2 protein chains.
Amino acid sequence: MPMNPESRYDAILQKLRAHNLKLTPQRMAVAKILSRSEGHPGVERIHAQLKDAFPTMSLATVYRNVMLFKSLGEVLELGFPDGGNRYDGNKPYPHPHVVCVQCKAIIDPDLDSLKDMASEIAAETGFKVLTHRLDFFGICPKCQHSASQ
Amino acid sequence: MPMNPESRYDAILQKLRAHNLKLTPQRMAVAKILSRSEGHPGVERIHAQLKDAFPTMSLATVYRNVMLFKSLGEVLELGFPDGGNRYDGNKPYPHPHVVCVQCKAIIDPDLDSLKDMASEIAAETGFKVLTHRLDFFGICPKCQHSASQ
DNA sequence: TTTGCTGCAAATAGTTTGCAGAGAC
DNA sequence: GTCTCTGCAAACTATTTGCAGCAAA
């Protein structure tokens, strides 16, 4: 159930204005792609999609804008250790993903609950689930009690 | 509930023998550390712990052995996009983790179920849970039907 | 003796950064 | 006009790899 890409796009632009950030054509183009986030694109893919409209556009600019949006909370980063991070500007909040280890496709499953997850995923997506990864990130008790740092 | 480190160590050695791989002192030392996996060590940490016993030991050797154990299914790799992957040779199967984003501590929570996870985690570990990551990895329908590749 | 392992150093690859000019406001 | 952004190229960093010598079996 993806959010309406246009309202996501507007939300991102609004956030940019609220922070007095400039609306350059490149930045807006990246925002537009991320607001759809079809297939959870990576930086390289975003860059490729913009090559026609912006022949001189550099990868660095894509990186910088994606990171900017992420820092604004408007993009969810799916980090992978073997490079090729992927981004979701349509649902910029944590949610499960199903990743094809072969073609690198990434889709969002609809999970009623998180019980019997693997079989639920398999039934819904047709994936053959090989493994999963579930991490919680937070501040450990020791760090909570130390002068934040 | 960590498994008995010694039996894990023996299991790794046994697997090595079964594959006609050589039991070098360096390899055995890495296996020993991983069989405990206290704190889910990273490569750098493993290397540091072996500097005393093996002053000339190179990082490359640690990398090679960790990857070897991983390929044998004896080590679970916790990959992080920002480098510094972590390893678990004590419970080499997928399971949830709780990661402190500040000090990088990683612990294994006991989860009765995966419902109300965040609060369950908080109650059990004392962590202030900020976010989480749940990925399923598998083969998508399209890839299942294409000549495996 | 044979085969695989280690140490070293160089190569890789995704990402980040310094800088000078261009452009949004 | 000011201040940020962009493009380019160089820098970074975790990890991988080629190679020659060394050691396990």
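Note that the structure is predicted; figures quoted are calculated from it, not measured. A note on names: the letters A, B, ... follow the listed sequences, proteins ahead of strands, and every chain is numbered from 1.
A salt bridge links A:E74 with A:R8: at least one charged nitrogen is closer than 4.0 Å to a carboxylate oxygen.
When every heavy atom of B:L76 is checked against every heavy atom of B:Y93, the shortest pair comes out as CD2-O, 3.5 Å. Pairing each heavy atom of B:G126 with each of A:Q144, the nearest pair is O-NE2, 2.8 Å. Taking each heavy atom of B:G138 and A:F127 in turn, the nearest pair found is C-CD2, 3.9 Å.
Residues meeting the ring-ring contact (aromatic ring centres under 6.0 Å, His included) test with A:H97, sequence neighbours left out: A:H40, A:H95. A search for side-chain contact (heavy atoms from CB on, under 4.5 Å) contacts involving B:P25 returns B:F54, not counting sequence neighbours.
The cationic atom of A:R133 (NZ for Lys, CZ for Arg) lies less than 6.0 Å from the six-membered ring centre of B:F80 and within 45° of the ring axis.
One atom, CG of A:L16, and another, P of C:dG23, lie 20 Å apart when rounded to the nearest Å. Here the P atom of nucleotide D:dC8 and the CZ atom of A:F54 are 14 Å apart, to the nearest Å. If you measure from atom CG of B:L13 to atom C1' of D:dA24, you get 14 Å, rounded to the nearest angstrom. The distance from atom NZ of B:K51 to atom P of C:dT6 is 14 Å, rounded to the nearest whole Å. The CG-C1' distance, from A:N65 to C:dT16, rounds to 14 Å in whole Å. Here C:dT15 presents its P atom at 17 Å from CG of A:L68, a figure rounded to the nearest Å. Atom-to-atom, CG of B:L50 to C1' of C:dT6 comes out at 14 Å; the value is rounded to the nearest Å. Distance CZ (B:R45) to P (D:dT15): 15 Å, rounded to an integer number of Å.
At its two ends the helix from C:dT1-D:dA25 to C:dC25-D:dG1 runs along axes set 40° apart, each axis drawn from five pairs and the angle rounded to 10°.
Looking only at distances, no side-chain donor or acceptor of A:N90 sits under 3.5 Å from a matching main-chain atom of A:S37. Within the 3.5 Å criterion, the main-chain N or O of B:A105 finds no donor-acceptor partner in the side chain of B:R86. Judged by distance alone, with hydrogens and angles left aside, the side-chain atoms of A:K15 form a donor-acceptor pair with the main-chain N or O of A:L72 at under 3.5 Å. A:T61 contributes no side-chain N or O that, together with a main-chain N or O of A:M57, makes up a donor-acceptor pair within less than 3.5 Å.
Using a 4.0 Å cut-off, no side-chain N or O of B:S58 falls inside it from OP1 or OP2 of C:dT6.
DNA chain D is contacted by B:K22, B:L23, B:P25 of residues 19-33 of chain B, taking any non-hydrogen atom closer than 4.0 Å. Shown for residues 74-88 of chain B: residues whose heavy atoms fall under 4.0 angstrom of DNA chain D, namely B:G83, B:G84, B:N85.
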Pick out the pairs of N or O atoms, protein on one side and nucleotides 16-18 of chain D on the other, that lie under 3.5 Å.
| from | atom 1 | to | atom 2 | distance (Å) |
| --- | --- | --- | --- | --- |
| D:dG18 | O6 | B:R64 | NH1 | 3.4 |

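Hydrophobic clustering places A:L21 together with A:F69 (ILVMFWY residues linked when any side-chain heavy atoms are closer than 4.5 Å, directly or through intermediates). No continuous path of hydrophobic side-chain contacts links A:F137 to B:V129 [ILVMFWY only; heavy atoms under 4.5 Å].
With a 6.0 Å radius and a threshold of 12 heavy atoms from other residues, nucleotides or ligands, B:E124 has its CD atom above the threshold.
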